[in-house]
Amino acid sequence: MSPNRRFVVVQIVLAVALTCLGLLGLDWVVAEYLRTSGWEGLAFFLRGTELLDFVTGKDLSKFLIGLLLSACAGGLLLAARTKALGRSLLYVGIVQLLTTLVAGVSKNAFGRLRPFELLQSGDWSHAWFVGGSAFPSGHAGFYFGLIMPLAYAFPRLRWPLAIVSWFIVVARVNANHHFISDVAASVVLAGALTLSFAPLVDRQRHEALLNGAPNGAGLK
């Protein structure tokens with residue numbers, strides 16, 4: 001297994017474990033602890049999320065950055081010299097748009113209430129299929145749908161990008177806007193789509209190596 005694929009698989013496995021643990025009771029424990037301990041809604045996470053939402057254009061539209069990347073890719077694919085970069089950006093754009101779309105549609109299907117809503121009502125027995133919008137997390141889907149394929153296509157940026165995406169996961173849980181299983185499920189979704197469309201860039205690297213370019217045209 002290549003380092004790129006292993007990087008994604010490890011995150012998927014971790015997210016699956018967190019989803020299962022969350023649904024088995026960790027969700028409730030963490031939400032209650034954050035509320036009673038005073039650690040809920042720390043300014044560091046709130047301001048950081050606001051900054052990232054502004055930088056990525058999420059404040060304007062959750063589909064904006066995926067559409068822009070796809071549009072840029074279309075132009076770059078027209079020239080042989082920029083075709084490799086265009087294919088990579090198209091890959092990122094497709095995964096980001098699909099992850100965001102599927103996460104958004106799934107919210108309506110599951111109808112799960114957010115932690116702060118359940119903490120206010122005190123009725124934990126009616127959390128699903130009641131018109132909520134918590135599961136899966138749209139924020140986590142947006143960022144992992146963007147960052148995971150970016151890290152796959154441009155591995156030199158892998159760890160800085162991973163820090164940003166997991167920051168969002170922690171921030172959404174800390175604010176009690178999402179349960180652990182909400183954000184973890186979005187990571188699984190983004191990871192599955194990242195691997196599903198990975199042949200777009202894997203073929204590119206293979207062709208570059210055959211043509212004598214080391215490390216797939218410098219994407220290492």
Side-chain angles (χ1 to χ4, degrees), residues 2-9 11-12 49-108 136-169 185-220:
S2 69
N4 283 350
R5 189 167 294 269
R6 187 182 306 115
F7 177 76
V8 176
V9 169
Q11 292 185 84
I12 292 175
T49 301
E50 291 173 357
L51 176 61
L52 288 170
D53 287 350
F54 173 77
V55 170
T56 59
K58 187 180 184 300
D59 281 342
L60 298 175
S61 170
K62 59 186 177 181
F63 296 109
L64 177 61
I65 194 165
L67 290 172
L68 287 175
L69 287 170
S70 299
C72 289
L76 293 169
L77 286 169
L78 296 176
R81 188 176 49 145
T82 57
K83 189 174 182 180
L85 177 59
R87 190 180 295 176
S88 294
L89 293 184
L90 180 63
Y91 165 62
V92 177
I94 289 173
V95 174
Q96 200 281 327
L97 288 171
L98 284 177
T99 305
T100 301
L101 178 62
V102 173
V105 172
S106 299
K107 285 175 176 287
N108 297 327
S137 165
H139 256 88
F142 175 91
Y143 282 99
F144 270 88
L146 172 66
I147 288 174
M148 198 174 280
L150 266 177
Y152 192 95
F154 305 97
R156 287 178 174 175
L157 304 175
R158 181 184 300 158
W159 293 111
L161 290 171
I163 291 171
V164 172
S165 54
W166 283 98
F167 170 88
I168 287 293
V169 163
S186 290
V187 177
V188 176
L189 171 62
L193 289 171
T194 296
L195 293 180
S196 295
F197 288 90
L200 281 172
V201 288
D202 287 342
R203 190 179 76 174
Q204 170 183 305
R205 289 193 178 96
H206 180 65
E207 291 173 352
L209 287 171
L210 289 177
N211 293 328
N215 300 306
L219 301 180
K220 62 180 180 179

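Only this structure's heavy atoms are used, side chains among them; waters, hydrogens and symmetry mates stay out.
Leu195 is listed as a side-chain neighbour of Val9, based on a closest heavy-atom distance under 4.5 Å. In this structure the side chain of Trp166 reaches within 4.5 angstrom of the side chain of Val169, judged on heavy atoms. Looking only at side-chain heavy atoms (C-beta outward), Leu69 and Gln96 stay at 4.5 Å or farther from each other. Within the 4.5 Å cutoff, no side-chain heavy atoms of Ile168 are placed close to those of Phe142. The closest side-chain heavy-atom distance from Arg158 to Asn4 is below 4.5 Å.
Here the CG-OG1 distance, from Leu193 to Thr99, works out to 4.5 Å after rounding to the nearest 0.5 Å. To the nearest 0.5 Å, atoms OG1 (Thr194) and CD (Gln11) are separated by 9.0 Å. Between the CG atom of Leu68 and the OG1 atom of Thr56 there is a distance of 11.0 Å, given to the nearest 0.5 Å.
Here the closest heavy-atom approach between residue Ile94 and residue Leu200 is recorded as CD1-CD1, 4.3 Å. Considering all non-hydrogen atoms of both residues, Leu97 and Leu67 come closest at CD2-N, 3.9 Å. Minimum heavy-atom separation, Ala162 to Phe7: CB-CZ, 3.8 Å.
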Step by step, work out the side-chain contact (heavy atoms from CB on, under 4.5 Å) result for Val187 and Met148. CA-CA 9 Å; Val187 177; Met148 198 174 280; 4.1 Å; yes
Take Phe154 and Leu161, measure what side-chain contact (heavy atoms from CB on, under 4.5 Å) needs, and give me the verdict at the end. CA-CA 10 Å; Phe154 305 97; Leu161 290 171; 5.9 Å; no
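With sequence neighbours left out, the side chain to side chain contact (heavy atoms under 4.5 Å, CB included) criterion links Leu77 to Lys83, Arg87, Leu90. Annotation: side chain to side chain contact (heavy atoms under 4.5 Å, CB included) contacts of Ala198 (sequence neighbours excluded): Arg5, Tyr91, Tyr152, Asp202. With sequence neighbours excluded, the residues that form a side chain to side chain contact (heavy atoms under 4.5 Å, CB included) with Leu76 are Thr82, Leu85, Leu89. Residues satisfying the side chain to side chain contact (heavy atoms under 4.5 Å, CB included) criterion with Ser186, sequence neighbours excluded, are Pro136, Ser137, Ala140. Residues passing the ring pair (Phe, Tyr, Trp, His ring centres under 6.0 Å) test with Phe63, sequence neighbours excluded: none. Applying the ring pair (Phe, Tyr, Trp, His ring centres under 6.0 Å) rule to Tyr143 yields no partners; only residues at least two apart in sequence or on another chain are considered. For Phe54, there are no ring pair (Phe, Tyr, Trp, His ring centres under 6.0 Å) partners at least two apart in sequence or on another chain.
Sorted by first and then second residue, the side-chain hydrogen bond (donor to acceptor under 3.5 Å, both in side chains) pairs involving residues 61-79 (not counting sequence neighbours) form an empty list.
By the 6.0 Å contact criterion, CZ on Arg6 is enclosed, its count of non-hydrogen atoms from other residues, nucleotides or ligands being greater than 12.
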